[in-house]
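First comes the structure, then the notes that go with it.
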Amino acid sequence: MNRNKLTAATEKWVIWDRFIRTGTIEPGTVGPDLEASWRRCRAAGVNPLAERSTVMLGSAAFAALAERKQDLIRVAKPFMENLHRLVAGSSFVVLLFDEQGYLLEAVGNTDRILASQDLNLNKGALWAEGEVGTNGAETTLVLGRPFQVSGAEHYCRKHHRWTCSGAPILDPLGKT
């Protein structure tokens with residue numbers, strides 16, 4: 001890693017650490033969307049040192065959700081597979097969440113998904129900001145537009161080794 005990237009990553013971690021300890025952010029050190037997300041997470045009582053999402057739908061509840069979202073899954077899955085083919089071999093995983101933040105579908109290297117189980121990338125896991133902090137899935141839904149979070153920009157330390165990008169899927173009326 002070059003020196004500038006290391007310095008930027010270290011600076012982000014210092015900013016995150018200060019916010020986690022004190023709840024303060026120096027003006028201009030993070031973008032307004034990220035700051036707002038961190039504040040929502042703090043207000044919701046999200047544990048920044050939590051190991052993983054703990055909210056999981058049971059098999060019957062997930063089956064019911066998947067049934068309700070079958071059209072979305074059916075339409076989205078070929079696009080997810082095409083996107084994954086573009087980044088094949090790069091350890092990317094393409095995920096589909098519902099409007100509440102529940103994981104509906106995952107496409108990617110099976111070994112990478114299985115290795116990520118410590119993050120709870122199981123179908124039916126809840127990835128809402130109030131559960132796992134700032135992330136590429138739910139923060140995207142809160143903002144209503146694409147969003148990317150990388151490294152120490154994640155509210156929870158467990159996610160600091162990841163970069164997550166997301167975009168909402170909107171209906172013809174602009175709703176998720």
Side-chain angles (χ1 to χ4, degrees), residues 1 5-26 29-59 61-62 65 80 83-84 87 89-143 145-168:
M1 182 179 288
K5 285 185 181 180
L6 183 60
T7 301
T10 302
E11 285 178 21
K12 289 285 186 185
W13 189 89
V14 168
I15 294 165
W16 173 84
D17 184 60
R18 182 179 303 123
F19 181 78
I20 296 306
R21 286 185 294 103
T22 68
T24 61
I25 298 176
E26 292 181 31
T29 57
V30 300
D33 293 333
L34 184 60
E35 180 177 349
S37 176
W38 283 3
R39 293 198 185 283
R40 286 190 300 272
C41 295
R42 188 176 182 92
V46 175
N47 178 356
L49 305 178
E51 290 299 309
R52 63 186 291 187
S53 167
T54 58
V55 177
M56 242 347 253
L57 293 176
S59 58
F62 179 74
L65 176 62
M80 295 170 68
L83 176 58
H84 185 261
V87 295
S90 62
S91 298
F92 276 73
V93 178
V94 182
L95 305 170
L96 177 66
F97 295 87
D98 77 351
E99 69 278 4
Q100 303 301 313
Y102 284 100
L103 180 56
L104 297 173
E105 188 63 60
V107 173
N109 301 345
T110 306
D111 59 332
R112 185 64 168 179
I113 293 171
L114 293 174
S116 300
Q117 293 310 304
D118 61 330
L119 297 175
N120 200 3
L121 290 178
N122 296 299
K123 292 179 185 179
L126 181 62
W127 277 75
E129 260 188 357
E131 173 65 16
V132 297
T134 307
N135 67 81
E138 173 72 7
T139 306
T140 294
L141 294 173
V142 170
L143 296 173
R145 61 175 174 70
F147 180 73
Q148 180 171 295
V149 58
S150 184
E153 293 175 340
H154 288 92
Y155 186 77
C156 292
R157 183 177 64 190
K158 180 74 170 182
H159 306 139
H160 285 188
R161 64 185 179 133
W162 299 96
T163 295
C164 303
S165 303

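Quick note: numbers below take in every heavy atom, side chains included, and nothing from hydrogens, waters or symmetry partners. Residues take their numbers from the sequence shown, with the count starting at 1.
When all heavy atoms of Met56 and Asn122 are compared, the pair lying nearest together is CE-CB, 3.6 Å. Heavy atoms only, all atoms of each residue included: Val46 and Gly130 are closest at CG2-O, 3.3 Å. Residue Gln100 comes nearest to Leu126 through the heavy atom pair O-CD1, 3.4 Å, listed as atom of the first residue, atom of the second, then distance. The heavy-atom pair separating Pro168 from Leu141 by the smallest distance is CB-CD2, 4.3 Å.
Counting only heavy atoms from C-beta outward, the side chains of Val149 and Thr163 never approach each other to under 4.5 Å. Leu65 places a side-chain heavy atom less than 4.5 Å from the side chain of Leu57. Phe147 places none of its side-chain heavy atoms less than 4.5 Å from the side chain of Val142.
In this structure, Trp38 CH2 and Tyr155 OH are separated by 9.5 Å, a value rounded to the nearest 0.5 Å. With rounding to the nearest 0.5 Å, the separation of NZ in Lys158 from CG in Asn47 is 12.5 Å. To the nearest 0.5 Å, the span separating CD on Glu131 from SG on Cys41 amounts to 11.0 Å. Atom-to-atom distance recorded for Leu34:CG and Lys12:NZ is 6.5 Å, nearest 0.5 angstrom. Note that the OG1 atom of Thr24 and the CZ atom of Arg18 stand 6.5 Å from one another [nearest 0.5 Å]. In this structure, Phe19 CZ and Glu26 CD are separated by 13.5 Å, a value rounded to the nearest 0.5 Å.
The side chain to side chain donor-acceptor pair (under 3.5 Å) test with Thr139 singles out one residue from Arg40, Glu129, Gln148, Glu153, and that residue is Glu129.
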Criterion side chain to side chain contact (heavy atoms under 4.5 Å, CB included) on Phe97 and Tyr102, from CA distance to verdict: CA-CA 5 Å; Phe97 295 87; Tyr102 284 100; 5.9 Å; no
Determine whether Leu103 and Leu96 satisfy the following criterion, side chain to side chain contact (heavy atoms under 4.5 Å, CB included), listing intermediate values before the conclusion. CA-CA 6 Å; Leu103 180 56; Leu96 177 66; 5.7 Å; no
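Side-chain atoms of Arg39 come within 3.5 Å of backbone atoms of Gly23 as a donor-acceptor pair (strictly under, hydrogens ignored). Checked by atom type and distance alone, the side chain of Asn135 pairs as donor or acceptor with a backbone atom of Glu138 at under 3.5 Å. Without hydrogens or angle criteria, Arg42 side chain to Ile20 main chain gives a donor-acceptor distance under 3.5 Å.
In summary, the aromatic rings of Trp16 and His154 are positioned with their centroids too far apart to meet the 6.0 Å limit.
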